[in-house]
Number of protein chains: 2
Amino acid sequence: MTEASPGRLSEEQLVDWLRLIRSENVGPRTFRQLINRFGGAGAALDALPSLAARSLRGRTIRIATREEALREIEAARALGVRFATTGDPDYPPLLREIADAPPLIAMRGVSWTAQRDGVAIVGSRNASAAGLAFAERLARSLALENYVIVSGLARGIDAVAHRATLETGTIAVLAGGHARPYPAEHARLVEEIAERGLIVSEMPIEWEPRGRDFPRRNRIISGLSRATIVVEAARRSGSLITARFANEQGREVFAVPGSPLDPRAEGVNDLIRQGATLCARPEDVISVLAENAGSPPRKNLFDDDSLEGQDTLIDELDLFAGLDGSAFEERAAPKQFSPPSPPADCVADLDAHTRGEESPQRDAHEVILSLLGPAPIAIDDLIRVAGLTAREVQGVLVELDIEGRLQRHGANSVSLILNYKL
Amino acid sequence: MTEASPGRLSEEQLVDWLRLIRSENVGPRTFRQLINRFGGAGAALDALPSLAARSLRGRTIRIATREEALREIEAARALGVRFATTGDPDYPPLLREIADAPPLIAMRGVSWTAQRDGVAIVGSRNASAAGLAFAERLARSLALENYVIVSGLARGIDAVAHRATLETGTIAVLAGGHARPYPAEHARLVEEIAERGLIVSEMPIEWEPRGRDFPRRNRIISGLSRATIVVEAARRSGSLITARFANEQGREVFAVPGSPLDPRAEGVNDLIRQGATLCARPEDVISVLAENAGSPPRKNLFDDDSLEGQDTLIDELDLFAGLDGSAFEERAAPKQFSPPSPPADCVADLDAHTRGEESPQRDAHEVILSLLGPAPIAIDDLIRVAGLTAREVQGVLVELDIEGRLQRHGANSVSLILNYKL
């Protein structure tokens, strides 16, 4: 029986693998245990109904049909998406190492990209111009060291990290399926990444991402990466979940510090306080990775109660997680599956999505305000990241000047004076 | 003989103490050793000429005269300045604990202020608005916890910290004498501090501060404080010296992080990378101090090569530092006193005073360079094999430090950084 470590699957084997992983309550851990117990996906599918009936005291679980699997394979082909299992030579080697490696991933683009070591750069969607500029510099410098930049396709830091490395190699991990990249405004970026980089998803091709899919997705971002760098993050940002996964996976965690008066720095400063390595220049990352090349995973950084309310959500993926011969029968059926609350960041992300995006042309004043922080930023960079004309930006800066909210540093650099009160 | 722990000194004893500490080449360590060896300042003064003659191979040192001491006492009285020795009940208890505690300090203001625990807040002179705002918030919050805020009267962070705590208790430590507060523009601030807080100086009343007096002064700032917080600091800022002293004194070191794109954050981010505790809110400091109240001094934070080029300069204060009965006679005489280069920050501060103080010690520099290599060597050994004085060697090491060519391994051992390019 070669199915448990299958190399490339036959079409029939792929159908079975897809049916099994797409079945209700079967997550990565359950999948692996079922394969180990029954010797293959086909046998596991045969056994699943009675297994579930016993375990769930009569309630049945939905098992994906052969037709559904074939439809997904068809849809994947139409999009140029290929599947890879953990046994496939195309499967990303770093991702294969993690505890909850997806048994099956769908990849679009240059799959060779994921054979190289990744470094994840993640952070705020509403990042400051300084944060965006730093993320860009970081991404470019790491690309020069031959690292692939991994991120989550979100607005802000993620998008800048991808865009800076379109030519050198970047991987975007989706929270939904390949037919539903999120956010919609990055449809064109997705195409650009697919041309020379890679898009990865473990979800069904047509899956519309929900809030709770984002934290789950984040383990793949960190899993593809030897290090995760958080550039700007408010206190409950989803980026902190990626950092936590990275740490649990024995990967390096870096955080870029910021002024305590900037709320966008609260999460990263917390990370540093908890033991993440401070990253103030690309060399901070490069030297640590060079030092640790080939060494065993590092020890756990975080205290038990760090990142409160942001515990890893992976246990929730699997109804049967941790099951073994004896424990399986004893496990009580959940009366009702109650998904953990997604972190505020994801909700905010999806709220915008479900409410319909804000008008794409936000007020220039607002755009500039959101980009400015206490750290000085070159006006040229501000113009570039704002996507506004020099005239528009200068106009807003003059307004801010008049309002007493702008600090000028020489001729070409500005920062925001924070309205701070004791 | 009670003079060695004198309580309040008689006027005659004060004259002797002043004469001894104001004599050439007598710093805090030498002072203490002379007192211990001869039983009192008067006896030490009697012995000093022959002691120096033997040690310095005929060169004499200038011993302060009785008239000078009386004049200083007079000048102090006119300014409302009182002297306190380490044995005096008015002497600040935290300062008394440090290795290089000044034997005699001159205080102006409410001396009771220094009986309370201090927290030092130091940082850039050209601080950002955010940095100033944060320093102010920090100072006020710590004042609410009954801490006295200690700083160095400089423009920027120092001045904000003092001003925020004029009502609740603040201590300014001068690099020069009480008649020469620096910078001159803070003359009025000095008066305000003297009203309800305290001004402290170890220097002669009329002493005009030079560049190298600032690092020396900084040990008193940290020494008066249970913790030192650096708010903004460029890479070679004098504030980092205060942090280093704090660490050597077993006190807590905090640094307020900033954006990597802000040069004013380079020094503080470095401190955090080296192990200083990140401070993003007053509670970060308050909780650590509450936890550690009464516990033994913490371990050394910094790596050997931390704060390159900013090693403590206190060894330079004392010609006879580390002297004991046997070593004293064997010690070679210095040919010429070569002051260590002050850190860049101090130079900027005092460029008017220090310019033209070029070191003529080229040969010592070359000797040391030829003796140093990539393998660490004990400074004591270096002194011995170089055939130079401790002072000469330390002077050269500081120069190499500042040139970025020296690596420090713990307090007592150094190596040369190779492949050094300018």
Side-chain angles (χ1 to χ4, degrees), chain A residues 128-138 229 231-232 235 254-284 287-288 373-378 381 404-409 413 415-422, chain B residues 123-124 126-144 160 163-165 168 229-235 254-285 287-288 303 305-306:
Chain A
S128 73
L132 294 172
F134 189 74
E136 188 177 15
R137 178 192 295 184
L138 208 51
I229 311 169
V231 176
E232 272 186 350
R235 187 147 280 147
F254 293 87
V256 179
S259 161
L261 293 186
D262 189 344
R264 288 170 293 208
E266 283 182 356
V268 279
N269 288 343
D270 282 350
L271 278 179
I272 295 167
R273 201 185 281 107
Q274 287 154 16
T277 306
L278 185 146
C279 169
R281 44 188 180 237
E283 296 72 37
D284 291 334
S287 64
V288 167
I377 173 85
D381 289 338
R405 305 179 69 179
L406 199 73
Q407 186 173 7
R408 302 228 176 224
H409 308 263
S413 177
S415 68
L416 195 64
I417 296 168
L418 292 185
N419 272 335
Y420 108 91
K421 277 179 201 138
L422 281 175
Chain B
S124 289
N126 60 340
S128 73
L132 294 172
F134 189 74
E136 188 177 14
R137 178 192 295 185
L138 209 50
R140 293 230 166 102
S141 301
L142 289 164
L144 287 178
V160 158
R163 288 208 171 94
T165 51
T168 49
I229 311 169
V230 185
V231 175
E232 271 185 350
R235 188 148 278 148
F254 293 85
V256 179
S259 162
L261 294 185
D262 189 343
R264 290 169 295 205
E266 283 182 356
V268 278
N269 288 344
D270 283 349
L271 277 179
I272 294 169
R273 200 186 282 105
Q274 288 153 14
T277 305
L278 185 146
C279 169
R281 44 184 181 240
E283 296 73 37
D284 291 336
V285 181
S287 64
V288 168
D303 297 339
D305 57 351
S306 68

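Every chain is numbered from 1, with letters handed out A, B, ... down the list of sequences.
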* Asked: Looking at A:Leu416, A:Asp284, A:Ile272, which makes the most heavy-atom pairs under 4.5 Å with chain B?
  -> A:Asp284
* **Contact leader toward chain B among A:Ala280, A:Cys279, A:Gly373, A:Pro260, where contacts are heavy-atom pairs under 4.5 Å** => A:Pro260
* Interatomic distance, A:Arg281 atom CZ to B:Arg273 atom CZ [nearest 0.5 angstrom] -> 4.0 Å
* Picking from A:Val268, A:Val256, A:Asn269, what satisfies side chain to side chain contact (heavy atoms under 4.5 Å, CB included) with B:Pro257? -> A:Asn269
* side chain to side chain contact (heavy atoms under 4.5 Å, CB included) partner of B:Asp262, chosen from A:Ser259, A:Ser415, A:Pro376, A:Pro374 -> A:Pro376
* At a heavy-atom separation under 4.5 Å, does B:Ala265 approach chain A through its side chain, its backbone, both, or neither? -> neither
* To do: With a 4.5 angstrom heavy-atom cut-off, could you sort out which part of A:Ala130 is near chain B: side chain, backbone, both or neither?
  => both
